[in-house]
Structures are given as C-alpha cells and as structure tokens.
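Following: one structure in structure tokens, then a few remarks.
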Amino acid sequence: MLLYFLDMFGTAVFAISGVLLAGKLRMDPFGVVVLAMVTAIGGGTIRDMALGATPVFWITSPEYLWMILATCALSLLLIRRPRRLPWYFLPVADAIGLAVFVAIGVDKALSYGASPMVAVIMGIITGCGGGIIRDVLAREIPMILRTEVYATACLAGGMIHTLALAANVDSVVASIAGMVTTLSIRLAAIRWHLSLPTFAIK
C-alpha cells in the first residue's frame with residue numbers, strides 16, 4: 001500500500017514537471033495535459049510495451065489518468081499565485097518519485113521473466129522515459145543526456161535491487177535497498193551539484 005501511494009505521489013510530481021515546462025513554453029491547456037501525461041506515464045508505457053505487458057498499466061488502472069488530470073487542474077488554478085516553496089522542494093519530490101518508478105520497473109520486468117540486466121534497463125526507462133519524451137516534445141536536450149546525475153542514480157539503484165534479489169534477499173528489502181540507493185545518489189547530486197564529465201570534440 002505504501003508503494004502504491006508513493007507511486008501516485010511520483011505520478012503527480014512528474015505531471016507537475018510537465019505542467020511547469022508547458023507553462024514556460026506558453027502552451028494551451030491541451031498542451032499542458034499532453035506534457036503532463038507523457039512525463040508521468042510515458043516511461044511506464046514504453047516499459048509495458050517492451051515487455052508485452054498489455055494492456056499497459058494506465059489502461060487497466062485509470063486512476064493514474066485521473067491523478068494526472070487532477071494535478072493539471074490544480075496546477076492551472078494555483079501555479080500563477082505566488083508561492084514561497086523552498087527551491088529544493090520539486091527536485092527532492094522528483095527524486096522520490098524517480099526512486100519509486102525505478103523499483104517498480106525492475107520488479108515488473110522480473111515478474112515477466114526478464115533477465116537482471118534487462119530489468120535494470122526497464123527500471124531506467126520507467127524512471128527516465130517520460131522525461132525524455134517531454135523534453136523531445138519541448139525541443140530540449142533530455143536531462144539524462146546532459147551532465148546531470150539522473151540516469152546514473154537509476155542505474156545504481158536498479159543494480160542494487162537486482163543484486164540483492166540474486167543474493168536471495170527478501171523482495172521487499174531488495175526493493176527498498178534499490179530505492180534508497182537511487183534516492184541517496186540523486187539527493188547527493190542535488191545537494192552538492194554533482195555532474196558527470198562531458199564528452200567534447202574540438
């Protein structure tokens with residue numbers, strides 16, 4: 001039940017990031033909903049289609065769509081009012097959602113008989129796929145292709161998750177270990193502005 005609520009929380013946070021980008025680009029309400037939806041459920045959709053888990057999760061569980069629509073409606077009503085939230089609120093909330101999405105992606109891939117390597121990749125896609133689609137639609141370079149420590153945190157969390165399962169650790173404990181790893185690395189990157197070295201050709 002806790003994982004379900006965290007999943008819904010992550011869905012709402014990812015949707016908000018889509019709304020904020022749509023606002024910066026001055027999109028109409030339809031554009032806002034589109035960016036919010038692809039950000040929140042895009043990664044999970046790609047994962048389910050790759051695994052053959054059809055119908056995809058938001059078709060069998062439409063509460064995800066209702067959560068996104070409610071988030072969009074509240075954001076459109078409230079986002080223009082001055083809010084004095086700490087600068088780190090959205091990045092930290094995003095990090096929590098990211099950690100949960102990676103764990104869910106790994107677990108679902110393994111439940112469909114995928115190898116540990118594929119499960120880690122599915123975890124990364126679940127966490128990062130929606131953001132990639134969002135940035136492509138907005139004609140921006142996706143975050144995970146820049147120096148930001150984002151996908152790296154997903155990779156580490158997914159590996160810890162699968163290695164723990166390989167060592168016969170309880171599945172719940174393995175999921176928590178993976179989530180804590182992803183969250184810790186992402187929060188460290190936010191706190192100390194960590195980044196990967198760039199590849200540049202002169």
Side-chain angles (χ1 to χ4, degrees), residues 1-15 17-18 33-69 71 94-137 142-145 149-183 185-186:
M1 186 60 68
L2 176 61
L3 187 61
Y4 174 78
F5 283 118
L6 288 174
D7 189 16
M8 284 295 170
F9 174 78
T11 299
V13 171
F14 277 39
S17 73
V33 172
V34 168
L35 275 197
M37 283 200 169
V38 298
T39 307
I41 61 177
T45 301
I46 296 172
R47 174 205 65 214
D48 284 2
M49 293 176 66
L51 294 172
T54 54
V56 296
F57 71 101
W58 51 266
I59 293 178
T60 56
S61 302
E63 59 266 25
Y64 289 95
L65 301 181
W66 288 114
M67 173 62 76
I68 295 168
L69 291 173
T71 301
D94 178 88
I96 296 172
L98 181 69
V100 174
F101 279 18
V102 172
I104 290 173
V106 170
D107 277 334
K108 188 156 191 178
L110 292 174
S111 71
Y112 274 78
S115 67
M117 179 181 292
V118 171
V120 172
I121 293 172
M122 290 297 109
I124 295 172
I125 289 174
T126 306
C128 304
I132 293 175
I133 300 172
R134 175 201 64 207
D135 292 345
V136 169
L137 290 176
M143 181 188 297
I144 69 167
L145 300 182
V149 176
Y150 200 85
T152 309
C154 300
L155 175 63
M159 290 179 64
I160 292 297
H161 189 161
T162 54
L163 287 173
L165 289 174
N168 295 320
V169 174
D170 181 76
S171 60
V172 175
V173 176
S175 294
I176 293 173
M179 285 189 284
V180 169
T181 301
T182 302
L183 182 61
I185 294 174
R186 183 67 191 129

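Smallest separation of non-hydrogen atoms from His161 and Asp107: NE2-OD1, 3.1 Å. Closest approach of Thr45 and Phe57 over heavy atoms only: N-CE2, 3.7 Å. Shortest non-hydrogen contact noted between Ile160 and Gly178 is CG2-N, 4.2 Å. The two atoms that bring Asp170 and Val172 nearest to each other are OD2-N, 3.1 Å, heavy atoms only. Closest of all the heavy-atom pairs between Leu35 and Arg134 is CD2-O, 4.0 Å. Between Ala40 and Ala15, the shortest heavy-atom contact is CB-N, 4.1 Å.
Of the inter-residue distances, the one linking Leu155 atom CG with Ile144 atom CD1 reads 11.0 Å to the nearest 0.5 angstrom. Note that the CG atom of Leu98 and the OG1 atom of Thr182 stand 6.5 Å from one another [nearest 0.5 Å]. With rounding to the nearest 0.5 Å, the separation of CD1 in Ile132 from CD1 in Ile46 is 7.0 Å. Here CE of Met37 is found 5.0 Å from CG of Leu65. Values are rounded to the nearest 0.5 Å. Taken from OG1 in Thr39 to CD1 in Ile133, the straight-line distance is 8.5 Å, to the nearest 0.5 Å. A distance of 10.0 Å separates OG1 in Thr181 from CG in Leu163, rounded to the nearest 0.5 Å.
Of the listed residues (Leu3, Leu183, Thr126), just one forms a side chain to side chain contact (heavy atoms under 4.5 Å, CB included) with Val100, and that residue is Leu3. In summary, of the residues considered (Tyr64, Phe9, Phe14), a ring pair (Phe, Tyr, Trp, His ring centres under 6.0 Å) with Phe101 occurs for Phe14 alone.
More than 12 heavy-atom neighbours from other residues, nucleotides or ligands sit within 6.0 angstrom of CE on Met8.
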